[in-house]
Protein chains: 2
Amino acid sequence: MPNNHFKRGELYSVINGMASTAVARRLQKHFRQAGLEITIEQWSILYHLWKNDGLSQQELCNRTFRDKPSITRLVDNLEKQQLVQRVASKEDRRINLVYLTPAALLLQEETISLANQTMDEALIGVKKEDIETVKTVLQQVYDNLKQQ
Amino acid sequence: MPNNHFKRGELYSVINGMASTAVARRLQKHFRQAGLEITIEQWSILYHLWKNDGLSQQELCNRTFRDKPSITRLVDNLEKQQLVQRVASKEDRRINLVYLTPAALLLQEETISLANQTMDEALIGVKKEDIETVKTVLQQVYDNLKQQ
DNA sequence: TTGAAATAGTTGCATAACTAACTATATGCC
DNA sequence: GGCATATAGTTAGTTATGCAACTATTTCAA
């Protein structure tokens, strides 16, 4: 039984897009101001590779919540910019492992600093325990919808 | 002084995209399954017009958190599908007022019901007071970033 | 062992987003 | 009144997303 019959239309606006778009736009702006030519979507791929280089494209799908064609094209564009390189797996020839180039490693510190700064701006005046609640709720929302 | 130095990278993933994308995809799926040919972006325009018909494109920008070119093209596509109509304002000839057609009025009840149903699915197991917290935090995030 | 099903990735097509540059109209200050 | 500036909207170019259909490879079971 649904437990939340109250202004769901507005809730929809809130959960869907408005805050996340604002954060994304701000981060993109910070990148641009720093003279960095990458998009935030490309950056999110690099972010996961900095944490764990050599992920397969499928793993990048899982970790960035994108579908396979999106990853294919993001990796295409990152390869064009010589920030990553596809390497066929030796164990399973269906799999491409994606590796960072030295150029990408140079971006890590500056861009993560800009991302942290962006989150600091975004979260001014927000209580720490409320942030935990947001994380939990949005994770629950994702889990509620992810299967099928 | 930033007050939230803890795993902001992951927080970024949570706030940005994952939950909102999942909700969007689920709603789009519900529309498709019901044989409705509109995108959720188009629907969000109709949603604001059902609440207040005859908004200007600029007002639609403000209410849907989109930029002007996005609204131009969404209204283009809605006009192609004969769901809305542009009417030049008599007071200010720069302004287009956007009006719903009878066909769009027919969609209101069904699509809002599907949206509510989608939010119900999304919020299963989430406490009402936590939802209030999420709304408040995301609104704060938006307000923190919206100016300039 | 062979053939069906599953998995990894790519391609094509449509829609949507952002930026920048543009047109048209309105406002406001000298 | 006239010119600078602001505002409303459009257009063009690039990137990203969703879906469906496709190829290649692997897995698994009859």
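Proteins get letters first, then strands, A, B, ... in listed order; numbering begins at 1 in each. When reading the values below, keep in mind they use all heavy atoms of this one structure, side chains included, and skip hydrogens, waters and symmetry mates.
Note on residues 94-104 of chain B: pairs passing side chain to side chain donor-acceptor pair (under 3.5 Å), not counting sequence neighbours, are B:Gln57-B:Asn96, B:Asp92-B:Arg94.
Between B:Val134 and A:Val141, every side-chain heavy-atom pair lies at or beyond the 4.5 Å cut-off. Between A:Asn144 and B:Leu123 there is no side-chain heavy-atom pair separated by less than 4.5 Å. Counting heavy atoms from C-beta outward, B:Thr111 and B:Trp50 have side chains that approach closer than 4.5 Å.
Checking B:Arg32 against B:Asp76, the closest nucleotide of DNA chain D that is more toward the 5' end is the one next to B:Asp76. Taking the nucleotide of DNA chain D with the nearest heavy atom to each of B:Gln28 and B:Ser56, the more 5' of the two is matched to B:Ser56.
Partners of A:Glu41 according to the side chain to side chain contact (heavy atoms under 4.5 Å, CB included) rule, which considers only residues two or more places apart in sequence or in another chain, are A:Thr39, A:Arg66, A:Leu74. Scored by the side chain to side chain contact (heavy atoms under 4.5 Å, CB included) test, B:Glu91 finds B:Ser89 as partners (sequence neighbours excluded).
Rounded to a whole Å, the CZ atom of B:Phe65 is 18 Å from the C1' atom of C:dA16. Between the C1' atom of D:dT25 and the CD atom of A:Gln58 lies a distance of 14 Å, rounded to the nearest Å. Taking atom NZ on B:Lys68 and atom P on C:dT19, their separation rounds to 13 Å, with Å as the unit. Between the CG atom of A:Asn62 and the P atom of C:dT7 there is a distance of 12 Å, given to the nearest Å. B:His30 has its NE2 atom 13 Å from the P atom of D:dC19, to the nearest Å. For the pair B:Glu59 CD and D:dA8 P, the interatomic distance rounds to 10 Å; values are reported in whole Å. For the pair B:Leu60 CG and D:dA8 C1', the interatomic distance rounds to 13 Å; values are reported in whole Å. The CG atom of A:Asn96 sits 13 Å away from the P atom of D:dT26 (whole-angstrom rounding).
Neither OP1 nor OP2 of D:dG9 sits under 4.0 Å from any side-chain N or O of B:Gln57.
B:Lys128 and B:Glu132 are not joined by a salt bridge, as no carboxylate oxygen comes within less than 4.0 angstrom of a charged side-chain nitrogen. One finds a salt bridge joining B:Arg86 and B:Asp76 here, because a Lys/Arg side-chain nitrogen approaches an Asp/Glu carboxylate oxygen to under 4.0 Å.
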Interface polar pairs with nucleotides 22-26 of chain C, N/O, under 3.5 angstrom:
unit_1: C:dT25; atom_1: OP1; unit_2: B:Arg93; atom_2: NH2; d: 3.4
unit_1: C:dT25; atom_1: O2; unit_2: B:Arg94; atom_2: NH1; d: 3.4
unit_1: C:dA26; atom_1: OP1; unit_2: B:Arg93; atom_2: N; d: 3.0
unit_1: C:dA26; atom_1: O4'; unit_2: B:Arg94; atom_2: NE; d: 3.4

Considering only nitrogen or oxygen atoms on both sides, find all protein atoms under 3.5 Å from nucleotides 14-17 of chain D and state each distance.
unit_1: D:dA16; atom_1: OP1; unit_2: A:Thr39; atom_2: OG1; d: 2.6
unit_1: D:dA16; atom_1: OP1; unit_2: A:Gln42; atom_2: NE2; d: 3.2
unit_1: D:dA16; atom_1: OP2; unit_2: A:Asn77; atom_2: ND2; d: 2.5
unit_1: D:dT17; atom_1: OP1; unit_2: A:Arg66; atom_2: NE; d: 2.6
unit_1: D:dT17; atom_1: OP1; unit_2: A:Arg66; atom_2: NH2; d: 3.2

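Residue B:Leu106 is found outside any hydrophobic cluster, as its side-chain heavy atoms come under 4.5 Å of no other Ile, Leu, Val, Met, Phe, Trp or Tyr.
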